[in-house]
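One structure is given here, and the rest of the page talks about it.
A, B, ... follow the sequence lines: proteins, then strands. Residue 1 opens every chain.
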Amino acid sequence: MTEHPSSPRAARIPDRPSLDGLEDAWGQVWEQDGTFAFPRDAALAAGRDSVFSIDTPPPTASGSLHMGHVFSYTHTDCMARYKRMAGLHVFYPIGWDDNGLPTEKRVQNYYGVRGDASLPYDPDFQPPFRGDAKSSRAADELPISRQNFIELCDELTVEDEKAFESLFRRLGFSLDWSISYRTIDDHSRATSQQAFLRNVQRGEAYQAEAPGLWDVTFQTAVAQAELEARDYPGAYHRVAFHGADGPVHIETTRPELIPSCVALVAHPDDERYRPLFGSTVRTPLFDVEVPVVAHPAAEMDKGAGIAMCCTFGDLTDVLWWRELRLPTRSVVTRTGRLQTELPEWLAGSPGADLYTEQVGGKTAFSAREAIVGALRESGDLDGEPVPTQRKANFYERGEKPLEIVTTRQWYIRNGGRERELNDRLVAQGRAIEFHPAFMRSRYANWVEGLNGDWLVSRQRFFGVPIPVWYPLDADGEPDHDHPILPAEADLPVDPAAQAPPGYTEDRRGTPGGFVGDPDVLDTWATSSLTPQIAGGWRVPGSADPDPLFAAVFPMDVRPQAHDIIRTWLFATVVRSFYEHGTVPWTDAAISGWILDPDRKKMSKSKGNVVTPEDVVKEHSADAVRYWAASGRLGTDAAYDVGQMKVGRRLAIKILNASKFALSFGDPLEVAGDGARLPEGHDGDVLPDLVTDPLDLSVLAMLRDVVERATAGFESWDYTRSLEATESFFWTFCDDYLELVKDRAYGGRGDAGAASARATLRLALDVVLRLFAPVLPYVTEEVWRWTREDSVHLASWPTVDELPAGGDPAVLQAVGAALAVVRKAKSEAKVGMRAEVPTATIVAPADLIAHLHTGEADLRAAGRLTGTLDYAEGETVATRDVELVPVAKPAR
RNA sequence: GGAUGUGUAGCUCAGCUGGUUAGAGCGUUCGCUUCACACGCGAGAGGUCGGGGGUUCGAGUCCCUCCACAUCCA
């Protein structure tokens, strides 16, 4: 492949073409030649309309490679290759998402370290381990600064990225590897912080102290988008509250929260409790007086129909607390344990001792046991607890149900609290073309169902730091209302390690000094800026974006899977809306999931995961891509080895058929002097050589295929395009090649041979380009048998390249006749080489006319050596067939 | 409970705005050393289009309803 002899073209066609080694060979050529490099200068000169820009999903390098990656990235690559051939400058960057818990945990375990934002940066730091840490116990991990931790992450993810890069290259993704970023690198951190600061300055981001979902394991606040409702075992406890006219029974799964009860709530229409509204009852054990109030969110048909409202047991409690202006009596702390000190409202309560001795400092689980025991003793527990499965909110990566804890957090307004903003963000979704279109309703569903703003601060140490400091007052208390912001030119900053403008480091933590915000941004708060990061929105040392940004933004497409419409897609829309007032892309191409052959989700725990590297090695990249391209956008697909085998067979067929089509030599050799080609141009004369009606017929069919294949890609339906090309190609091989063989060999004169040979070359030339977006390796291989340039930079075929005037019905008729001849031979169980001295072909009259046209080719292909008669009939069939089997060679 | 999608041959899927006898590939069966390909070629069998109702001259396709499955949200 590296040497291109200048000898005749046929010399480059191997005797036995093979798929083996194509990935390595052509992958190297593409890399050396910069085949897929974004032509920046040309794009800037020609402007936005000349560009097709892709907001490539940055994979989590520390995560695992799976067939889902192969699936959706192939979809994108097929579109990218089509658009490139269609003449657009394709901007196809690659990024790596190194934020978030998966990377944090991996770095932690690999190096045996633990991040601690309070520590100073150590420039000479060496980690205790490199992949050989023996213990995963937190106590054995060495605390290090955030910046040191980020550096270790940089070091490790570079290694992890290699596996992805190797696979992505092998699969032939036409990414521009020179446009790359990591979400934790300096540029991404600075971009993320800059966008956040602008949100703060415009009032789109704010901080608030409010009850929110809290993961006690990871000790961080959790956003609505990270929730997962799971079944969780619990038990209904029927508990008596003491009213003036006797007990009021409620049912609760969380009796340990009785100390934080602030009210009983029932539905306003509930006749059973209507008399109680406005009165008060006293809590069991603790004897705290709480009101009985009405609220429509109380479910009449659930449990007793009346519920205790605690601060806070769940999100409904928060709703009641806010809307009914109830007092705050929190006891659950950030660790998930109940606070140790006796709450002030329980001072003097008969349950004070119970609290201090058996409840305070305990986990929810232990506290529940203590409280239930006491209720049983006091007679306030009615009957025994009834086991139940309830839905509880979990952090998607957590193992314990979320608690609700009041903390100070940063939020970005996302329409979860403001009707008008919500409407505008839903409208943004209508400005994006979703493929398939129904995916838009997932967007709308999610946005319309938001019930709070986007929580962006996380109490983790690893990630992009929130670029904010707070002044400390004379008592050393932070003044959160007057945050100190850095200058954009100074980004990225780490407030835990750097002093804010106007302060020196020694003022940190001192009265009148400052304190850095200890938190980091939600990982989506950075990855929601991938168009800005990749497109050069922020340029260090400049107030203006890279001119590139105007040439690529808003981008053309965001490719992604449907599970992260609510997170990545929506967050990106929000950020772009605020920063640029536009949608971030015009189109969103949503891929489905990969299921195992039993239609179950592939997962490690089920042991049904296959590694993409092995799959590609076994079936070839083109075959795996064929499988992926057979799955339409938005549709879940089965992992299907059979489909890969079909793809592999197709690729091999392309090799063999191409070798054959090119093996007849130059059409001009038999075409005579009048057809001499001008030097360096071989495309323009060939159409004129095509004179035979059968040849014109096959090219007429191909013209139709070009139209359908183009329409497929234009409507983001690469599968339809592939199907059109593929079905033509098999007809081309099975019928046309067989019919034209004899004539192409010169069996019926020079003009007929020239017509056949020219047709073969024209058809192959078009078919290779139609297949190129899906099967980049085999098409490149064949293309280069006769050419120096890449098929992937060739122009997408148009109907104008092929002669007009042919009638597809000719090949269809002759093909049908050939089929019935084959059938006769097959039923007689003789080989296809058997001669047919006499036969009658029955066909409708209009077909018979076409059969006369192609009779010579039909005779040659069917070995119809003698009398051939025609008779009219409704369907195509044979009659009075005489067969002479080929004598089998004696053994 | 709500939203969205799916249900067509043993399997995986086409079937776009309703129009001959519902298609493809895989698998299966029967054949064929055929000069590009045995990693091949040819032929065959295989379907009450999830159920029911309706609109229409005509429904896999449109409407209603029910069932099943999947995903997301309660």
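Spacing between atom CG of Leu633(A) and atom P of rG5(B) amounts to 16 Å, rounded to whole angstrom units. Atom CD of Glu448(A) and atom P of rA74(B) are 14 Å apart (whole Å). Atom CG in Asn451(A) sits about 10 Å away from atom C1' in rA74(B), given to the nearest Å. The distance from atom CZ of Phe729(A) to atom P of rC37(B) is 14 Å, rounded to the nearest whole Å. Atom NZ in Lys659(A) sits roughly 16 Å away from atom P in rG40(B) (whole-Å rounding). In this structure, the NZ atom of Lys645(A) is 11 Å from the P atom of rG40(B), given to the nearest Å. Here the P atom of nucleotide rG40(B) and the CG atom of Leu650(A) are 12 Å apart, to the nearest Å. Regarding Leu722(A), its CG atom lies at a distance of 12 Å from the C1' atom of rA24(B), rounded to whole Å.
Arg254(A) has no carboxylate O lying under 4.0 Å from a charged side-chain N of Asp314(A), or vice versa, which leaves the two without a salt bridge. Under the 4.0 Å criterion applied to side-chain N and carboxylate O atoms, Arg761(A) and Asp765(A) are not assigned as salt-bridge partners. A salt bridge links Lys391(A) with Asp231(A); the closest basic N to acidic carboxylate O contact falls under 4.0 Å.
For rG40(B), the OP1/OP2 oxygens have a side-chain nitrogen or oxygen of Arg649(A) closer than 4.0 Å. Distances shown here put every side-chain N or O of Tyr443(A) at or beyond 4.0 Å from the OP1 or OP2 atom of rC73(B). Taking side-chain N and O atoms only, Lys653(A) has a distance below 4.0 Å to OP1 or OP2 of rC41(B). Between Lys391(A) and rA74(B), a side-chain N or O to OP1/OP2 separation shorter than 4.0 Å is absent. Dashed line: the shortest gap from a side-chain N or O of Arg833(A) to OP1 or OP2 of rU33(B) is not under 4.0 Å.
At the heavy-atom level, Ser441(A) lies under 4.0 Å from the strands shown only through sugar-phosphate atoms. Among the protein residues, Glu726(A) comes within range of no part of the nucleic acid, since none of its heavy atoms lies under 4.0 Å from any strand. The residue Arg440(A) sits apart from the nucleic acid: no heavy atom pair falls under 4.0 Å. Here Asp734(A) lies in heavy-atom contact (under 4.0 Å) with sugar-phosphate atoms only. Counting non-hydrogen atoms under 4.0 angstrom, Glu723(A) reaches the backbone sugars and phosphates but no base. As judged by a 4.0 angstrom heavy-atom cut-off over every strand, Trp627(A) is placed among residues making no nucleic acid contact.
Checked against rC16(B), rA36(B), rC26(B), the side chain of Arg720(A) finds its nearest nucleotide in rC16(B).
Asn422(A) and Arg419(A) share a side-chain donor-acceptor pair at under 3.5 Å.
Taking atom P in both rA9(B) and rG50(B), the straight-line distance is 8 Å, to the nearest Å. Rounded to the nearest Å, the gap between the P atom of rC63(B) and that of rU17(B) is 11 Å.
Here rG40(B) sits opposite rC32(B) as a Watson-Crick or G-U wobble pair (both hydrogen-bonding atom distances under 3.5 Å). Base pairing annotation: rC49(B) forms no Watson-Crick or G-U wobble pair, as no partner gives both donor-acceptor distances under 3.5 Å.
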With a 3.5 Å cut-off and sequence neighbours excluded, list the donor-acceptor pairs that the side chains of residues 773-780 of chain A form with protein atoms.
| unit_1 | atom_1 | unit_2 | atom_2 | d |
| --- | --- | --- | --- | --- |
| Tyr777(A) | OH | Arg169(A) | O | 3.0 |
| Tyr777(A) | OH | Arg170(A) | O | 3.0 |
| Tyr777(A) | OH | Gly172(A) | N | 3.4 |
| Thr779(A) | OG1 | Leu775(A) | O | 2.6 |
| Thr779(A) | OG1 | Pro776(A) | O | 3.3 |
| Glu780(A) | OE1 | Ser790(A) | OG | 3.3 |
| Glu780(A) | OE1 | Val791(A) | N | 2.8 |
| Glu780(A) | OE2 | Trp30(A) | NE1 | 2.9 |
| Glu780(A) | OE2 | Arg784(A) | NE | 3.2 |
| Glu780(A) | OE2 | Arg784(A) | NH2 | 2.8 |
| Glu780(A) | OE2 | Ser790(A) | OG | 2.8 |

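When atom types are taken as modelled, the side chain of Arg859(A) and the backbone of Leu864(A) share a donor-acceptor pair closer than 3.5 angstrom.
Where Arg442(A) and Met439(A) meet RNA chain B, the nucleotide closest to each residue was compared, and Met439(A) sits on the side nearer the 5' end. Comparing Arg566(A) and Gln643(A) by the nucleotide of RNA chain B that holds the closest heavy atom to each, the one mapping nearer the 5' end is Gln643(A).
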